[in-house]
Amino acid sequence: MVEGRYDKNTLKQVVDATVIETHGFGVFNDRERLALLRRLAAERGLILLTDSDGAGFVIRNFLKGAIPKNQLKQAYIPDIPGKERRKAVPGREGKLGVEGMPPSVLLDALERAGATFEDAGASSAHEERMTKAGFYALGLSGGPDSGARRAALLKQLGLPERMTANALLEAVNLLYSKEDFLKEFFSFDG
């Protein structure tokens, strides 16, 4: 879990894992996002990786109080002076954030937090996932009633009501095997 989209994009270039955004300080007032984070933490555990500036620690401390300690691992990046390439000027504290860290630093931070990494060549055929095409076939995206079907399913699954089709797909693949999701879907769909 990271603060924002640039952090997410950077981390996705380093690890093949689901990366969730807190939306920065937005997590403070977004009950649905916080409920999703709590559910993911309870089911899978989470690793929190924020910037090393004051804002990052405010977010970190909020989430440390909102998610049980045994479900949340803490990953820390070092204080490195500088600015991210996309920015004209450095941040207020003059430190690189997650998006500015070299891949080796990010991997080291995740390993120190307790993340484990599978071999790139390891087979994950037993972990079949739902796809966008699967959602389309189930009428959850791309159809005239797909929004209403998604809204009803979100309620059934106890997920935030404003999730997009892509966000729902990501959550489904985090919380369910494809087989379990299809059982849940067809019990809901009738």
Side-chain angles (χ1 to χ4, degrees), residues 1-51 55-56 58-73 75 98-99 115 124-190:
M1 175 174 36
V2 294
E3 291 180 52
R5 73 172 179 248
Y6 293 106
D7 299 333
K8 178 179 179 176
N9 292 342
T10 299
L11 196 55
K12 291 289 288 177
Q13 293 173 24
V14 177
V15 295
D16 182 21
T18 301
V19 180
I20 305 290
E21 299 170 44
T22 67
H23 296 148
F25 291 142
V27 74
F28 297 163
N29 298 316
D30 189 341
R31 292 184 321 211
E32 290 183 342
R33 175 148 302 266
L34 189 56
L36 176 62
L37 294 175
R38 285 179 175 141
R39 182 165 175 193
L40 291 171
E43 302 227 0
R44 302 177 53 104
L46 291 174
I47 298 175
L48 178 60
L49 178 64
T50 64
D51 295 349
V58 168
I59 294 165
R60 182 182 296 277
N61 287 332
F62 172 78
L63 291 170
K64 283 167 66 173
I67 297 172
K69 184 178 179 177
N70 65 331
Q71 298 171 0
L72 183 65
K73 293 182 179 183
V98 170
E99 75 173 278
S124 60
H126 66 283
E127 293 184 25
E128 192 176 357
R129 299 169 52 95
M130 284 301 302
T131 63
K132 287 183 179 185
F135 262 32
Y136 180 79
L138 295 172
L140 295 171
S141 65
D145 296 329
S146 59
R149 290 175 63 80
R150 247 189 345 273
L153 180 62
L154 286 165
K155 187 173 184 173
Q156 171 75 18
L157 298 177
L159 293 171
E161 66 183 24
R162 291 183 185 92
M163 290 181 96
T164 63
N166 286 339
L168 175 58
L169 178 63
E170 185 175 46
V172 161
N173 283 323
L174 282 169
L175 296 169
Y176 301 94
S177 67
K178 181 178 180 180
E179 180 182 341
D180 288 343
F181 170 72
L182 289 173
K183 285 179 189 173
E184 187 78 28
F185 176 79
F186 286 114
S187 71
F188 148 77
D189 199 42

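Computed over heavy atoms, backbone and side chain alike; hydrogens, waters and symmetry mates excluded.
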Residues at least two apart in sequence or cross-chain that pass salt bridge (Lys or Arg N to Asp or Glu O under 4.0 Å) with R150, listed by chain then number, are none
Do K132 and N166 come within less than 4.5 Å of each other through their side chains, counting heavy atoms only? yes
Any side-chain hydrogen bond (donor to acceptor under 3.5 Å, both in side chains) involving residues 58-67? Give me the pairs, sequence neighbours left out, ordered by first then second residue. T50-R60, R60-Q74
In this structure, CG of L63 is separated from CG of L46 (nearest 0.5 Å) by 9.0 Å
When rounded to the nearest 0.5 angstrom, what distance separates CG in L48 from CD1 in I59? 8.5 Å
Distance (rounded to the nearest 0.5 Å) between M130 CE and L138 CG: 5.0 Å
K8 side, atom NZ; E3 side, atom CD - distance, nearest 0.5 Å: 14.5 Å
Tell me, yes or no, whether the heavy-atom count around N70 atom CG, taken from other residues, nucleotides or ligands under 6.0 Å, exceeds 12. yes
Over all heavy atoms of both residues, which pair between T18 and E170 is shortest? Give the atoms and the distance, please. CG2-OE2, 3.3 Å
Distance from L169 atom CG to T164 atom OG1, nearest 0.5 Å? 9.0 Å
Keeping to residues at least two apart or across chains, list the salt bridge (Lys or Arg N to Asp or Glu O under 4.0 Å) pairs with something in residues 17-38. E32-R162
Is there any side-chain hydrogen bond (donor to acceptor under 3.5 Å, both in side chains) pair reaching into residues 39-49, and which pairs are they, with sequence neighbours excluded? R39-Y176
A17: partners by side chain to side chain contact (heavy atoms under 4.5 Å, CB included), with sequence neighbours left out: V15
Within a reach of under 6.0 Å around NZ of K155, are more than 12 heavy atoms found that belong to other residues, nucleotides or ligands? no
Return the minimal non-hydrogen interatomic distance between A41 and I67, and the atom names on each side. CB-CG2, 3.6 Å
With a cut-off of 6.0 Å (strictly less than), are more than 12 heavy atoms of other residues, nucleotides or ligands near CZ of F25? yes
With rounding to the nearest 0.5 Å, note down the distance linking CD1 in I47 to CG in L11. 9.0 Å
For M1 and L72, what are the C-alpha separation, side-chain angles and deciding distance, and is it a side-chain contact (heavy atoms from CB on, under 4.5 Å)? CA-CA 10 Å; M1 175 174 36; L72 183 65; 3.8 Å; yes
Identify the two heavy atoms, one from S141 and one from S146, that lie closest to each other, and give their separation to 0.1 Å. N-CB, 3.4 Å
Shortest non-hydrogen pair, F62 vs V27, comes out as CE2-O, 3.9 Å
So, do L49 and V19 sit near enough that their side-chain heavy atoms are less than 4.5 Å apart? no
Over all atoms of both residues, closest heavy-atom pair of A165 and F135: O-CE2, 3.7 Å
Any residue meeting side-chain hydrogen bond (donor to acceptor under 3.5 Å, both in side chains) with N9, in chain and number order, not counting sequence neighbours: none
With side chains defined as the heavy atoms from C-beta onward, is the minimum distance between V172 and F185 less than 4.5 Å? no
